[in-house]
Every structure is written in structure tokens, then in C-alpha cells.
Amino acid sequence: MVELKNDRFLRALLKQPVDTTPVWIMRQAGRYLPEYRATRAKAGSFMDLCKNADLASEVTLQPLERFDLDAAILFSDILTIPDAMGLGLYFAEGEGPRFKKVITNRRDVEAIGVPDPEEELGYVMNAVRAIRRDLNGSVPLIGFSGSPWTLATYMVEGGSSKDFGKVKGMMYDDPIAMHLLLDKLAESVTSYLNAQIAAGAQAVMIFDTWGGLLTPQAYKEFSLNYMQRIISNLQREADGREVPVTLFTKGGGPWLETMAETGCTALGLDWTINIADAKARVGEQVALQGNMDPCVLYGSADTIREQVSKIIADFDGNSGHVFNLGHGIHQHINPDNVKVLVDAVHEFGRKSD
């Protein structure tokens with residue numbers, strides 16, 4: 001077991017003392033980096049990149065070579081599980097992810113199985129092992145999955161959607177079918193994340209990108225309950241360390257208290273809530289991750305530094321905060337501005353002895 005040289009990300013999630021606020025960025029390995037675009041072109045397609053362990057490791061480490069980030073995140077996609085269930089994931093130019101087959105009724109749900117993470121999803125575990133090897137203990141590796149509800153939205157809609165009428169229609173018209181689908185997805189996500197932890201992920205994150213679409217009652221029934229089930233069944237220790245679990249619902253600000261009761265270690269925040277308010281509501285129970293608007297990175301260096309300073313000042317604490325954007329970085333961001341952000345976090349987040 002290689003000793004971690006920089007563990008402030010893990011320490012902050014566990015609300016242990018840190019020398020400065022740690023930072024990583026959602027989608028930090030991505031299209032805003034020219035070196036990523038070159039590697040993706042070499043791979044041939046996005047999924048070919050995901051399925052090549054050495055190239056997946058290469059792009060995971062690219063942002064760490066440019067910026068003083070405190071964690072790496074597995075390079076993969078949230079839709080690997082539905083793809084492994086036989087739905088046929090592909091990426092249409094200018095349209096984002098699509099599925100060749102979609103779930104339209106209860107029979108479709110009954111026909112899909114729970115994938116074996118070391119078989120149908122073995123390429124993801126190979127990538128985790130390759131990244132851990134190549135990181136060589138420099139920073140921790142984050143594994144991740146989409147939430148059951150978020151995965152279900154893509155499986156029923158066939159891709160992204162403007163109104164999510166099909167998936168919400170199924171939820172209201174045939175809740176039994178929706179619960180059966182979410183049951184299978186919760187079992188799949190649990191085994192998938194546990195396999196990532198066994199392969200070397202030192203923290204995991206559940207991305208509930210579309211939970212914020214739901215009413216408070218529907219959110220609890222169709223999203224939060226399944227994430228709570230996953231969290232309850234995760235392996236929470238590896239390499240002699242606790243494995244932190246971060247739960248992120250985009251648009252989840254109204255439900256922070258119930259999210260904090262799931263047993264997660266930390267909550268991810270989008271930019272629609274003030275971090276001081278979030279800390280006042282749930283900061284005794286969980287650490288917080290976030291939450292700068294990604295569009296701030298279109299601003300000047302002075303603007304970026306000002307926004308970083310404000311979020312850190314609003315959090316106003318010695319630990320329990322991991323700085324991040326409130327969602328993924330945009331593809332047209334100037335990488336130089338990311339360096340300004342990362343360096344500003346470490347400067348303004350410095351803790352007094």
C-alpha cells in the first residue's frame with residue numbers, strides 16, 4: 001500500500017484538521033483541456049477512451065499535471081451501468097448520450113438484469129486500478145456513479161430531455177414499474193461502487209443530476225430512499241482508512257436536512273444555495289462540497305479570486321469543506337482560469353495554526 005502524500009481531501013471530508021481547503025473540480029478531466037481533446041481523438045470515441053485503461057488513466061492525470069488539485073476522479077461516464085444492462089450507449093454529435101434501446105414499460109424493466117461489475121463493467125475496474133498505479137500515492141482517487149433516479153431518467157427518455165415527461169409519466173402512471181427499475185439500479189450502483197472501492201477508489205460520489213426535477217414527496221420516494229439504501233450497503237473502509245461518500249443532488253438545496261440523514265459523509269452543493277446557510281442547516285452532520293457557479297470561470301482573474309474568497313469566508317470553518325464548482329466545468333473555459341481558481345482556494349483557505 002502506497003502512502004498518500006496529500007490526504008487533505010479525505011481529511012476535510014471527515015472533518016479532520018487540514019492545512020488549507022482542498023479543491024477538485026467536477027469534470028476536471030475534459031474537453032476544456034487541449035491535451036484531453038488530443039487523447040480522445042487518439043482513442044477514436046468517448047467510449048473507446050473509457051474502455052482503454054491506460055488512456056483513461058492518462059486523461060485522469062492530465063489536470064493534475066497542470067493544476068495543484070487535491071484529488072483525482074475516475075474518468076468514466078455515469079451511464080456505464082445502463083449500457084452494461086444492454087441498452088447500447090452511444091454519443092451523437094451535438095446531442096450528448098443516447099441509448100439504442102429504451103425502457104418504456106414494466107416488461108422492459110423485467111427483462112434487464114443487474115450487471116456484474118468485474119464482468120460487464122470490468123473495464124471501469126481496470127481503469128481504477130491503472131489510475132491508482134499511476135497516481136502512485138500523490139492524491140486520493142474518487143470513484144463515482146449516477147444515482148438510480150438519474151440513471152432511470154436516461155434509460156426511459158433515451159437520452160437527455162427538456163421536460164422529462166416520459167420518465168415522470170412512468171413514475172406517476174406505473175409506480176410499480178418505476179420502483180422495480182430503481183430497485184435494480186440501486187443494487188447495480190451498490191455493487192458497482194463497492195467494486196470500485198475494492199479496485200482502489202478511496203472516496204466515492206453519487207451524482208443525482210436530475211433529482212431536483214421532483215416534488216419533495218417524489219424526491220424522497222423515488223430518489224433519496226434509493227440513495228440511502230446504497231449508502232447503507234457500501235464498503236466504508238479500505239486500506240485501513242474510512243471511505244467517505246459524497247451525495248450530490250443538483251437542485252437539492254430544499255432537502256439538505258433529509259439528505260444529511262442518509263449516512264453520507266458529505267453533501268455536494270450547487271450554486272443556488274449560500275454555503276453559510278447550508279452549513280448552518282447541516283454542517284454538524286456532514287462535510288460540504290462546493291459551490292462556485294461554473295460560469296465564474298468566464299470572468300477575470302480578479303473576479304475568480306473574489307468569488308473563491310467569498311465562498312471560503314462564508315463557510316468560515318477549519319475543516320469540513322472541499323471546494324468545488326456547483327456542477328461540471330464548461331468545455332469552453334480557459335485552463336489558465338482554472339489555475340487561478342485552484343491557487344486562490346489554497347491561498348484563501350489557509351488555516352491558522
Side-chain angles (χ1 to χ4, degrees), residues 1-14 18 20-40 43 46 49-78 80 123-146 192-193 195-207 238-239 241-246 248 265-266 268 287 289-290 321-325 327-329 333 335 338-339 341-343 345-346:
M1 183 177 72
V2 178
E3 191 67 29
L4 262 177
K5 300 176 184 73
N6 172 359
D7 67 350
R8 65 168 71 104
F9 164 74
L10 297 177
R11 293 179 64 83
L13 287 179
L14 298 171
V18 290
T20 190
T21 302
V23 55
W24 69 279
I25 296 170
M26 287 187 266
R27 291 201 204 116
Q28 64 190 25
R31 289 178 291 178
Y32 73 104
L33 293 176
E35 56 268 41
Y36 167 84
R37 296 194 296 270
T39 305
R40 176 167 170 175
F46 178 81
L49 179 52
C50 290
K51 291 182 177 182
N52 183 315
D54 289 334
L55 293 182
S57 180
E58 181 180 312
V59 295
T60 299
L61 270 63
Q62 284 170 347
L64 301 172
E65 289 158 7
R66 271 189 184 252
F67 316 119
D68 189 20
L69 295 158
D70 294 297
I73 183 165
L74 163 69
F75 183 81
S76 188
D77 193 81
I78 65 167
T80 51
Y123 66 92
V124 178
M125 307 315 142
N126 290 339
V128 172
R129 287 185 276 264
I131 296 163
R132 270 298 299 271
R133 176 199 69 211
D134 295 344
L135 282 171
N136 195 30
S138 56
V139 295
L141 174 61
I142 305 165
F144 72 92
S145 175
Y192 183 55
L193 289 177
Q196 289 182 38
I197 293 165
Q202 291 145 296
V204 293
M205 185 163 170
I206 300 171
F207 286 91
D239 294 343
R241 282 180 175 268
E242 185 172 340
V243 178
V245 181
T246 301
F248 174 65
T265 316
Q289 178 180 281
H321 180 207
V322 172
F323 199 99
N324 208 313
L325 302 178
H327 202 239
I329 189 169
I333 293 298
V338 177
K339 185 175 190 320
L341 163 69
V342 173
D343 292 347
V345 172
H346 289 153

Task: R11 CZ to E242 CD distance, which is reported to the nearest 0.5 Å - done: 12.5 Å
Task: Working for side chain to side chain contact (heavy atoms under 4.5 Å, CB included), residues R27 and H327 - done: CA-CA 8 Å; R27 291 201 204 116; H327 202 239; 3.8 Å; yes
Open item on the list: Rounded at 0.5 Å granularity, tell me how far CE in M205 sits from CG in L13.
Closed with: 10.0 Å
- [ ] May I ask you to say whether D54 pairs ionically with R133, meaning some side-chain N is under 4.0 Å from a carboxylate O?
- [x] yes
TODO: Any chance you could measure S145, atom OG, to Q196, atom CD, to the nearest 0.5 Å?
DONE: 7.0 Å
- [ ] May I have the step-by-step check of side chain to side chain contact (heavy atoms under 4.5 Å, CB included) for L64 and L135, ending in yes or no?
- [x] CA-CA 9 Å; L64 301 172; L135 282 171; 3.5 Å; yes
Open item on the list: Tell me the closest heavy-atom pair linking V128 and G200, and the distance in Å.
Closed with: CG1-N, 3.8 Å
TODO: Could you list the residues that satisfy ring pair (Phe, Tyr, Trp, His ring centres under 6.0 Å) with Y32, not counting sequence neighbours?
DONE: none
Open item on the list: Is the shortest side-chain heavy-atom distance between Q289 and W24 below 4.5 Å?
Closed with: yes
Open item on the list: For D239, is there an ion pair with R132 - N to carboxylate O distance below 4.0 angstrom?
Closed with: yes
Open item on the list: When you compare the side chain of F75 with that of V59, does any pair of heavy atoms fall below 4.5 Å?
Closed with: yes
TODO: Identify the heavy atoms of C50 and A56 that sit nearest to each other, and give their distance.
DONE: O-CB, 4.2 Å
Task: Derivation of the side chain to side chain contact (heavy atoms under 4.5 Å, CB included) call for I131 and S57 - done: CA-CA 5 Å; I131 296 163; S57 180; 3.7 Å; yes
Task: Closest non-hydrogen atom pair, T60 against L74 - done: OG1-C, 4.2 Å
TODO: Kindly determine whether M26 and I329 satisfy side chain to side chain contact (heavy atoms under 4.5 Å, CB included), including the steps that lead there.
DONE: CA-CA 6 Å; M26 287 187 266; I329 189 169; over 6 Å; no
Open item on the list: Are P244 and L14 packed together at the side-chain level, in the sense that at least one heavy-atom pair is separated by less than 4.5 angstrom?
Closed with: yes
Task: Check: F248 ring centre within less than 6.0 Å of F144 ring centre - done: no
Open item on the list: Regarding T80 and Y192, do their side chains bring together a donor and an acceptor under 3.5 Å, going by distance alone?
Closed with: yes
- [ ] Spell out, as yes or no, whether a donor-acceptor pair under 3.5 Å connects the side chain of E35 to the backbone of P63.
- [x] no
- [ ] Taking the side chain as every heavy atom from C-beta outward, state whether H346 and D68 have any pair of such atoms under 4.5 Å apart.
- [x] yes
Task: Residues forming a side chain to side chain donor-acceptor pair (under 3.5 Å) with T246, sequence neighbours excluded - done: none
Task: N-O pairing of R241 and D7 below 4.0 Å - done: yes
Task: Shortest non-hydrogen contact between P22 and A12, atoms and distance - done: CG-CB, 3.5 Å
Task: Between CG on residue L33 and CD1 on residue I333, distance to nearest 0.5 Å - done: 11.5 Å
Open item on the list: If you compare all heavy atoms of D70 against all heavy atoms of R8, which two are closest, and at what distance to 0.1 Å?
Closed with: OD1-NH1, 2.7 Å
- [ ] State the CZ-CG distance between R66 and L61, to the nearest 0.5 angstrom.
- [x] 14.0 Å
Open item on the list: Less than 6.0 angstrom from the centroid, inside 45 degrees of the normal: does K339 satisfy that with respect to the ring of F67?
Closed with: no
- [ ] Would you mind reporting whether N324 and V23 have side-chain heavy atoms less than 4.5 Å apart?
- [x] no
- [ ] Kindly indicate whether the side chain of Y36, heavy atoms from C-beta on, has any atom under 4.5 Å from the side chain of L49.
- [x] yes
Task: Under 3.5 Å: donor-acceptor pair, side chain of T265, backbone of V245 - done: yes
Task: Distance-minimising heavy-atom pair for L10 and P140 - done: CG-CG, 3.7 Å
Open item on the list: Just checking R31: does its CZ atom have more than 12 heavy atoms from other residues, nucleotides or ligands closer to it than 6.0 angstrom?
Closed with: no
- [ ] Could you tell me which residues satisfy side chain to side chain donor-acceptor pair (under 3.5 Å) with T39, sequence neighbours excluded, listed by chain and number?
- [x] E58, Q62
Task: 4.5 Å side-chain heavy-atom contact, V139 and L69 - done: no
